[in-house]
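What follows is a short report on a single structure.
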Amino acid sequence: MVTIRLHNSKTRKKEAFSPLDPANVRMYVCGPTVYDRAHLGNGRPVVVFDTLYRLLRHVYGAEHVTYVRNFTDVDDKINATALARKEAGDPRSMEALIHERTEETIGWYHADMDALGALRPDHEPRATAYIGPMVAMIEGLIAGGHAYARAGHVLFRVRSYKAYGALSGRSVDDMIAGARVEVAPFKEDPMDFVLWKPSSEEEPGWSSPWGRGRPGWHIECSAMSYELLGASFDIHGGGLDLQFPHHENEIAQSCCAHPEAGFAQVWLHNEMLQVEGKKMSKSLGNFFTVRDLLDQGVPGEVIRMVYLSTHYRKPMDWTAEKAREAEGTLRKIAQFLSRDPFTKPWVDVSKAVPPQEVVDALANDLNTSLALTHVSKYLKDEQEMQLVGALDLLGFDVEALKAKFAGFELHAWDNGFASGHSLRASGIAPAPWQDQLRALRDTLSKLRQDAMQTKNFAPVDALKSALTAAGVEVRMSKAGVELLPGPGFDPAKLEGLK
RNA sequence: GGCGGGUUGGCGGAGAGGUUACGCAGCGGAUUGCAAAUCCGUGAAGACCGGUUCGAUUCCGGUACCCGCCUCCA
């Protein structure tokens, strides 16, 4: 069996991965707070951990991996969004507005992440469905002396957990010394954090031993991972920005609530994303969502490939240039895959399996960049079996690639060996302009054959320029004429040509 | 201020203590009515200083610069 090696944030070392139970490999990844569309940075961990999920399924068997990613649907940002709608005149209750907001956001999230080729996790628990287990865990922490109730709040007693700070490499004393925030007066210690807080009438709340309130941010992940994966499981992932305080607090809560267990064995953190060399932020005006890109015509596969081109533990820079390059690569792949079967060796791609060297690349701390290098090699060497197997493991749907990126080719073969015309539409539905393009191809072919005799190429070049301007790639060779509508194809510009 | 990460050729981006990464772009050639596409060939690197070593871009230390976290954030 392949040995997967992962860089464990907890030990700061690359370690051989050894699941607690190979028959049930368990992974928990922190999911989104569902108050708005997922931005480009939110997509990175989704694709990174989707790739790991696919690798684990490949190595241990799809039915032996359990992947949990939560939806945080109780949060002050959600409340704020709902409140804004209410103040804008919406007559419905806050509860209804909050529910509407979380539901629509989850729907967006699914649609956007599906477009990136990410498999849905096995479980996508919502925090609001686990309030009971959270309350139970908090009660346990109080009973164990790890938490205390004050002024309607319940706080975690950081000093009661000796290893606090181990994950993020901080000491409690250093953090207090460098703290910049005001400390609530009811805290025993400045670093103590909220497990439960009171809710006003307008805010969502649940009854609890401490009055009507709602959970703090961190407790949900501790409670849900415990309910769905147990007190000990294999992998916990998330963005580097969650390492502190979120993951540190999760560890403290879970390890104090279940001191007999080890909580997550391996911690993985992906580095952050930048845009054209700068942090993505609304104030810099370079903030955009996954949906923004999709709407601009950047296919999800392109976004996925750009994500995978940088190792997950390095900062990733999103640039238009990278997207352009990735699109070019995908087009070449798709054109090769959908090429006429008579022009390449026949292989039964339904039997394709991921090449060992690609599995090895991913098994080496998810070296997706190296895996993509192998993909380029298979394309260059026309190794279709390897190519398809690798694309599949990396989360690219071969049929979707062919449909989206191959477009179609229009051939007019002139020579006697391959005479006649052919139209191959690779997976896309017939469009009204196809007939027009076909006619243009015939015209161009005719003009060119005439020009070969008369040596007057002006009409040929004129039509070629017009087609090029419409985003159609024109290829002419001894064999004949080919037209390939490219990424910038604009059927409107075909009007008037004949 | 505290903590963590990074710095590879024009750009992106890997592996490996000693022999070509690779992709894109460039350049030269083949091919083409001209192009495009394709094919062949090709130059170019390891922030800086020091140490370990027969030998370091790869290991160790320091300097500079960049980035992130410490407050909601993937």
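The basis for the numbers below is simple: all heavy atoms, side chains too, and nothing from hydrogens, waters or symmetry mates. Predicted model, so just to flag it, every value in this text is computed and none were measured. Below, chain A is the first sequence line, B the second, and so on; all start at residue 1.
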Applying salt bridge (Lys or Arg N to Asp or Glu O under 4.0 Å), can you list everything that pairs with [X], at least two apart in sequence or on another chain?
{"X": "A/Arg324", "result": "A/Glu321"}
{"X": "A/Arg120", "result": "A/Asp114"}
{"X": "A/Lys197", "result": "A/Asp76"}
{"X": "A/Asp381", "result": "none"}

Nearest-neighbour nucleotide for the A/Glu473 side chain, B/A14, B/G33, B/A37 considered: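 Nearest to the side-chain atoms of A/Glu473, counting from C-beta on, is B/A37.
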Pairing residues for A/His110 by the ring-ring contact (aromatic ring centres under 6.0 Å, His included) criterion, not counting sequence neighbours: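 By the ring-ring contact (aromatic ring centres under 6.0 Å, His included) rule, A/His110 matches A/Phe71.
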Set of residues satisfying ring-ring contact (aromatic ring centres under 6.0 Å, His included) with respect to A/Phe193, sequence neighbours excluded: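 By the ring-ring contact (aromatic ring centres under 6.0 Å, His included) rule, A/Phe193 matches A/Phe156, A/His218.
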RNA chain B base-pair string [pairs: Watson-Crick or G-U under 3.5 Å; |: paired with another strand]: (((((((..(((.....[...))).(((((.......)))))....(((((..]....))))))))))))....
Anything under 3.5 Å between a protein N or O and an N or O of nucleotides 21-24 of chain B, put it in a table, one pair a line.
residue, atom, partner, partner atom, Å
B/A21, N1, A/Thr373, OG1, 3.4
B/C24, OP1, A/Lys332, NZ, 2.8
B/C24, O2', A/Arg324, NH2, 3.4

Pairs where residues 464-474 of chain A contributes a residue and the test salt bridge (Lys or Arg N to Asp or Glu O under 4.0 Å) is met, not counting sequence neighbours: A/Glu473-A/Arg475
By side chain to side chain contact (heavy atoms under 4.5 Å, CB included) - contacts of A/Pro204 (at least two apart):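 Listed in chain order: A/Asn79, A/Ile98, A/Trp206.
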Might you list the N or O atoms of the protein lying below 3.5 Å from N or O atoms in nucleotides 65-69 of chain B, with each pair's distance?
residue, atom, partner, partner atom, Å
B/C69, OP1, A/Lys279, NZ, 3.1
B/C69, O2', A/Arg170, NH2, 3.3

For RNA chain B, the residues among residues 113-124 of chain A that have a non-hydrogen atom under 4.0 Å from it: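 The stretch gives none, as no residue of it lies under 4.0 Å from the strand.
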N/O (side chain, A/Asn367) to phosphate O (OP1/OP2, B/G15) under 4.0 Å: yes
